[in-house]
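Read the structure below first, then the notes.
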Amino acid sequence: MRTVRAAAALALAGALTAVAGCGGGSSSGGGGSNESPKTLTYWASNQGPSIEADKKILTPELKKFEQETGIKVKLEVVPWADLLNRILAATTSGQGPDVLNIGNTWSASLQATGALLPWDQKNFDAIGGRDRFVDSAVASAGAEGQDPSAVPLYSLAYALYYNKKMFADAGISQPPATWDQLIADGKKISKDGKWALGAEGANLSNNIHQVFALGKQHGADFFDKAGKPTFTSDGAVAAVKQYVDFMAKDKIIAPGNAEYAQNQSLQDFAKGKTAMVLWQAAASTFAAQGMKPEDWGVAPVPVPSGAPGTGQNVNSMVAGINIAVFNNTKNIDGAKKFVKFMTSDAEQKLLNKTYGSVPPVKAAQEDPAFSASDVKVLRDTLATSAAPLPQVANESQFETTVGTAVKGLFADAAAGKPVTTESVKAALTKAQQQMTQ
């Protein structure tokens with residue numbers, strides 16, 4: 001049984017509902033220790049088209065690690081819809097894995113619990129040094145001025161994926177560069193049981209990612225410089241309404257998408273039911289669904305006007321997956337060896353190629369595979385037009401409260417209820433009150 005700063009963790013988790021149970025790490029029966037590091041437990045995030053696909057991808061690599069070190073890794077792939085609550089439950093109960101993946105947007109929140117190993121110079125030196133990693137990726141691993149709470153594993157940004165045949169059938173010659181173009185194209189496509197744009201309306205984190213980028217385009221950050229929530233600002237309200245209006249007003253998102261939370265929008269895209277999706281790295285999922293690379297194209301996420309860039313033409317949050325170690329694992333040395341293995345040049349090339357993401361390790365980025373057209377869009381977005389989500393301690397609560405508000409508004413839209421500026425502001429006012437209680 002691990003002990004963490006329970007009071008801080010409870011404060012973080014108290015605002016969340018439906019917290020799931022979790023399994024034990026190496027400190028549970030049969031685990032390892034520094035003296036006998038024979039076993040590690042690892043919670044991986046669902047990066048591929050399915051849980052089973054991730055197991056097939058990761059299992060050979062974990063076997064490779066076992067052959068190199070003698071340490072067996074017990075793998076569990078956790079769906080994104082469950083991962084944050086699973087982690088928060090682990091921080092409050094003291095029972096969790098030795099090593100785990102976290103969304104980089106959660107870094108500051110989880111850092112505040114004290115449950116994760118800080119990556120100071122000594123710990124970074126144990127995995128080859130901090131300077132191996134891209135600076136912006138490390139900056140997303142914890143609050144400014146503190147040692148990172150995790151190590152970058154996969155770097156990502158959002159792109160617009162589009163079905164070439166559906167575009168051609170609708171007489172559309174190129175992907176939209178602005179939101180007005182997307183809506184106009186979407187209305188040409190959305191008929192006869194087909195829809196223009198896919199969404200995951202019940203996925204709280206995805207909701208936040210979309211409205212955050214739209215918020216930047218409307219001049220809103222959702223938090224002020226002091227870290228206080230500003231969910232009801234005119235820009236924040238406009239961003240949420242714009243996103244939900246793709247279903248409620250523009251009628252280019254199918255009403256059923258209000259209930260999607262497990263990559264169903266990607267399945268619809270692969271089946272030719274939906275022509276566009278806003279996603280981070282979808283190539284492996286499309287391949288698993290039977291699509292060929294020539295079936296789809298990728299372009300930057302639209303902006304209000306002009307081209308993607310900084311300021312109000314931000315078109316993505318800085319996305320990515322970090323790998324972390326529970327601070328009280330009894331197998332700290334084995335855990336750091338595993339992090340070193342997963343962030344080695346060879347594994348970074350292999351895993352990021354497989355998932356269609358960008359390596360946060362500088363040397364791995366030099367591989368020609370990461371200059372392919374689809375990955376280049378992600379790299380360019382990260383370099384020029386992506387902004388990090390607020391690195392504040394209550395960021396995970398922001399995802400929960402505002403993400404839930406957006407989910408509720410999508411449910412209203414799907415039911416045919418009007419989504420007005422007033423109803424959006426009321427939903428965001430409730431979310432802000434929950435954040436400040």
Side-chain angles (χ1 to χ4, degrees), residues 40-69 71-80 83 97-104 107 119 124 127-128 132-134 136-138 140-141 148 150-159 263 266 279-288 293 318-325 334-372 374-379 382:
L40 289 171
T41 54
Y42 174 44
W43 285 358
S45 50
N46 177 201
Q47 299 301 124
S50 67
I51 301 295
E52 289 305 314
D54 281 315
K55 290 179 181 178
K56 289 180 180 179
I57 291 165
L58 293 172
T59 296
E61 305 314 303
L62 304 187
K63 289 289 185 182
K64 190 187 303 181
F65 175 74
E66 183 178 1
Q67 291 171 357
E68 292 179 4
T69 64
I71 301 173
K72 182 177 181 179
V73 180
K74 297 179 180 178
L75 171 68
E76 181 179 357
V77 181
V78 184
W80 276 107
L83 185 58
D98 299 290
V99 185
L100 69 160
N101 289 1
I102 66 172
N104 67 352
S107 295
W119 287 86
F124 263 117
I127 63 171
R132 294 181 60 241
F133 299 88
V134 176
S136 61
V138 178
S140 70
V151 176
L153 185 63
Y154 313 123
S155 289
L156 295 159
Y158 276 89
N263 299 358
L266 297 188
W279 211 260
Q280 293 179 13
S284 62
T285 299
F286 294 158
V318 176
I321 313 305
N322 297 338
I323 188 167
V325 174
K336 286 193 285 188
K337 286 180 181 179
F338 183 60
V339 173
K340 182 178 182 179
F341 171 81
M342 292 291 283
T343 58
S344 66
D345 291 357
E347 287 302 307
Q348 281 287 288
K349 291 177 184 178
L350 187 153
L351 291 172
N352 282 280
K353 282 181 188 178
T354 302
Y355 287 128
S357 48
V358 179
V361 172
K362 297 174 186 176
Q365 280 194 9
E366 296 175 3
D367 190 289
F370 302 109
S371 296
D374 58 325
V375 181
K376 186 177 185 300
V377 171
L378 303 182
R379 288 184 64 178
L382 284 169

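- Side-chain contact between Val134 and Pro152: absent, with no pair of heavy atoms (C-beta onward) separated by less than 4.5 Å.
- The side-chain heavy atoms of Gln365 and Asn352, taken from C-beta on, include no pair separated by under 4.5 Å.
- Shortest non-hydrogen contact noted between Ala281 and Gly356 is CB-O, 3.5 Å.
- Exactly one of Leu75, Asp98, Leu100, Val77 qualifies for a side chain to side chain contact (heavy atoms under 4.5 Å, CB included) with Trp43. That residue is Leu100.
- Note on ring orientation: taking the six-membered ring where Trp is involved, the planes of Phe338 and Phe65 are perpendicular (angle over 60°, cut-offs 30° and 60°).
- Counting heavy atoms of neighbouring residues, nucleotides and ligands inside a 6.0 Å radius, atom NZ of Lys362 exceeds 12 of them.
- Within the 4.5 Å cutoff, the side chain of Val325 has no heavy atoms near those of the Val151 side chain.
- Between Lys55 and Pro60, the shortest heavy-atom contact is O-CD, 4.4 Å.
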Practice problem: Please assess Thr285 against Asn263 for the test side-chain hydrogen bond (donor to acceptor under 3.5 Å, both in side chains), listing each intermediate value before the final yes or no. | Solution: CA-CA 9 Å; Thr285 299; Asn263 299 358; 5.1 Å; no
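- Taking 4.5 Å as the limit, some side-chain heavy atom of Met342 sits within range of a side-chain heavy atom of Leu351.
- Shown here for Val318 and Asn104, the closest heavy-atom pair between the two residues is O-ND2, 3.3 Å.
- Of the inter-residue distances, the one linking Phe133 atom CZ with Thr343 atom OG1 reads 4.0 Å to the nearest 0.5 angstrom.
- Interatomic distance, Asn322 CG to Trp119 CH2, rounded to the nearest 0.5 Å: 11.0 Å.
- In this structure, the separation between OG on Ser284 and NZ on Lys353 is 15.0 Å, given to the nearest 0.5 Å.
- Residues Asp54 and Tyr355 meet the side-chain proximity criterion, which asks for heavy atoms closer than 4.5 Å.
- Considering all non-hydrogen atoms of both residues, Gln47 and Tyr154 come closest at CG-CE1, 3.8 Å.
- Contact record, Leu153 with Pro360: O-CD, 3.3 Å, taken as the closest heavy-atom pair.
- Contact annotation: the side chain of Ser107 never approaches that of Ser140 to less than 4.5 Å [non-hydrogen atoms, C-beta and beyond].
- Side chain of Arg379 to backbone of Phe370: a donor-acceptor contact under 3.5 angstrom is found.
- In this structure, the separation between CD1 on Ile323 and NZ on Lys340 is 14.5 Å, given to the nearest 0.5 Å.
- Judged by distance alone, the side chain of Thr41 and the main-chain N or O of Lys74 form no donor-acceptor pair under 3.5 Å.
- Of all heavy-atom pairs spanning Ile102 and Trp80, the tightest one is C-CH2, 4.5 Å.
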Self-check item: Stepwise side-chain contact (heavy atoms from CB on, under 4.5 Å) test for Phe341 and Thr69
Solution: CA-CA 10 Å; Phe341 171 81; Thr69 64; over 6 Å; no
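- Within the model, atoms OG of Ser155 and CD of Gln348 stand 8.0 Å from one another, a figure rounded to the nearest 0.5 Å.
- Applying the 6.0 Å contact sphere to NZ of Lys64 captures more than 12 heavy atoms from other residues, nucleotides or ligands.
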